[in-house]
Peer 1: 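Please find one structure pasted underneath; my questions will follow.
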Number of protein chains: 2
Amino acid sequence: MSTDFAPPGRPRGTAFLLSQVGAHAAARFAERVGELGVAPSDIGLLRMIALQPGRSQQSLAGELGVVPSRVVALVDGLERKGLVERRRSPRDRRNHELHLTEEGGRVMAEMRTVGAAHEDDICAALDEEQRNQLAALLEAIAAQQNLAPGVHPGYRQSSAPPR
Amino acid sequence: MSTDFAPPGRPRGTAFLLSQVGAHAAARFAERVGELGVAPSDIGLLRMIALQPGRSQQSLAGELGVVPSRVVALVDGLERKGLVERRRSPRDRRNHELHLTEEGGRVMAEMRTVGAAHEDDICAALDEEQRNQLAALLEAIAAQQNLAPGVHPGYRQSSAPPR
DNA sequence: TATTGTTATACTCTATAACTATA
DNA sequence: TATAGTTATAGAGTATAACAATA
């Protein structure tokens, strides 16, 4: 939500450009997946469940950096849409093991198509070499800033003090 | 808020990295300016008013792509903090001309320091040449995607159909 | 009648805290 | 007593629509 702070005549701040282009990419992605009936935050959860079926809600909350009650709401939505199933764990009946339904698997498959189209849309201005260059620069920043690979900060509980 | 959709073993999608790193940069910026008592959305407004003192709320709403009632709320906040003044236009008494107060000017000056520190923080992984490279790639994307220079999409009224 | 700004209202997202059931 | 999940609640952000003043 920041707007550029650079004095006129000087190049735009790189940090601002990152935030601007990143927000744009996120908004376009939301539009695209919205047509599949899901939100971007749903996609992250689906993907984590697909990668490790049977995961508990607590473990998702921990990895995403959100409060457990939020995972309840997110999983509620996915269950209502028939994409995810909660199964009581037989070993510890407090736990819910999360699994993708068949429909959930189908949505994840469609997501690959959507993701590729999105990628092409956003990077339309760049040739193959430039895309790789950009990815490398972003990876370097992500690593130095301690961003967990594949985990979007949009989930993260704001750690900033209230204003 | 999206999470990566790339199959494991393949490079992270560039679009996802953009969204991830961009959201991180925005969050860090929010933390920093929060210490000055303002939100990132305030900064954008302050900057636009500083650049063209006397602007109307309608013109801000138009440029940011938000509904006029939202500008009311944003300006309310800035006025409450003593950073901005509304003055009835003598030429058309329906208008409010917006002006920075002295305090508002001071905050904008501090913002330059904060912005530079933020820039250094986010780009710490890159040397000077890499920063210029990154900025050039991002500018190319921004231009091709029709992003208005200096206007953050975070303001923009979502044009996506409701889910 | 059209335009600027405002208010009233509602909806979404997300956190906190209290609660239930299991361990 | 501790843990997984849930519910109840509250606050922030933002849109829509009706409204008042002015043109």
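Numbers restart at 1 for each chain; the letters A, B, ... are given by sequence-line order, proteins then strands.
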Peer 1: Take the C1' atoms of the five end pairs on each side of the helix from C:dT1-D:dA23 to C:dA23-D:dT1, get both axes, and report the angle to 10 degrees.
Peer 2: 30°
Peer 1: Indicate whether any N or O donor in one side chain lies under 3.5 Å from an N or O acceptor in the other, for B:H96 and B:S56.
Peer 2: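 On atom types as modelled, these side chains do not qualify, holding no pair under 3.5 Å.
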Peer 1: Any residue in residues 73-97 of chain A with a heavy atom nearer than 4.0 angstrom to DNA chain C? Just list them by number, or reply none.
Peer 2: A:D92, A:R93, A:R94
Peer 1: Is there a side-chain contact between A:L98 and A:E85 in this structure, where contact means two heavy atoms from C-beta onward sitting under 4.5 Å apart?
Peer 2: no
Peer 1: Side chain of B:S69, heavy atoms from C-beta onward: which of D:dA17, C:dA17, C:dG5 has the nearest atom to it?
Peer 2: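 Between D:dA17, C:dA17, C:dG5, the one nearest the side chain of B:S69 would be D:dA17.
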Peer 1: Is A:R55 salt-bridged to A:E63, cutoff N-O under 4.0 Å?
Peer 2: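 Salt bridge present between A:R55 and A:E63.
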Peer 1: Can you tell me the distance, in whole Å, between the CD atom of B:Q58 and the P atom of C:dT6?
Peer 2: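 Between P of C:dT6 and CD of B:Q58: 10 Å.
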Peer 1: With salt bridge (Lys or Arg N to Asp or Glu O under 4.0 Å) as the rule and sequence neighbours excluded, what pairs involving residues 89-101 of chain B come up?
Peer 2: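 Listed once each, the pairs are B:D92-B:R94.
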Peer 1: Given atom CZ of B:R156 and atom P of D:dG13, what is their separation to the nearest angstrom?
Peer 2: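 From B:R156 CZ to D:dG13 P: 19 Å.
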Peer 1: Measure CZ/A:R70 against C1'/C:dT12 and give the value in whole Å, please.
Peer 2: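 So the CZ-C1' distance, A:R70 to C:dT12, works out to 11 Å.
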Peer 1: Is a donor from one side chain sitting under 3.5 angstrom from an acceptor on the other, for B:D121 and A:Q145?
Peer 2: yes
Peer 1: Decide, yes or no, whether a salt bridge links B:K81 with B:D76 under the criterion of side-chain N to carboxylate O below 4.0 Å.
Peer 2: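 Salt bridge absent between B:K81 and B:D76.
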Peer 1: Out of curiosity, A:L74 CG to A:L60 CG, how far, rounded to the nearest 0.5 Å?
Peer 2: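 Between atom CG of A:L74 and atom CG of A:L60 there are 9.5 Å.
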Peer 1: For B:V72 and for A:V67, find the nucleotide of DNA chain C with the closest heavy atom, then tell me which residue's nucleotide is more 5'.
Peer 2: B:V72
Peer 1: Round to the nearest Å and state the distance from A:R55 atom CZ to D:dA4 atom C1'.
Peer 2: 15 Å
Peer 1: Is B:R106 paired with B:E102 through a side-chain N to carboxylate O contact shorter than 4.0 Å?
Peer 2: yes
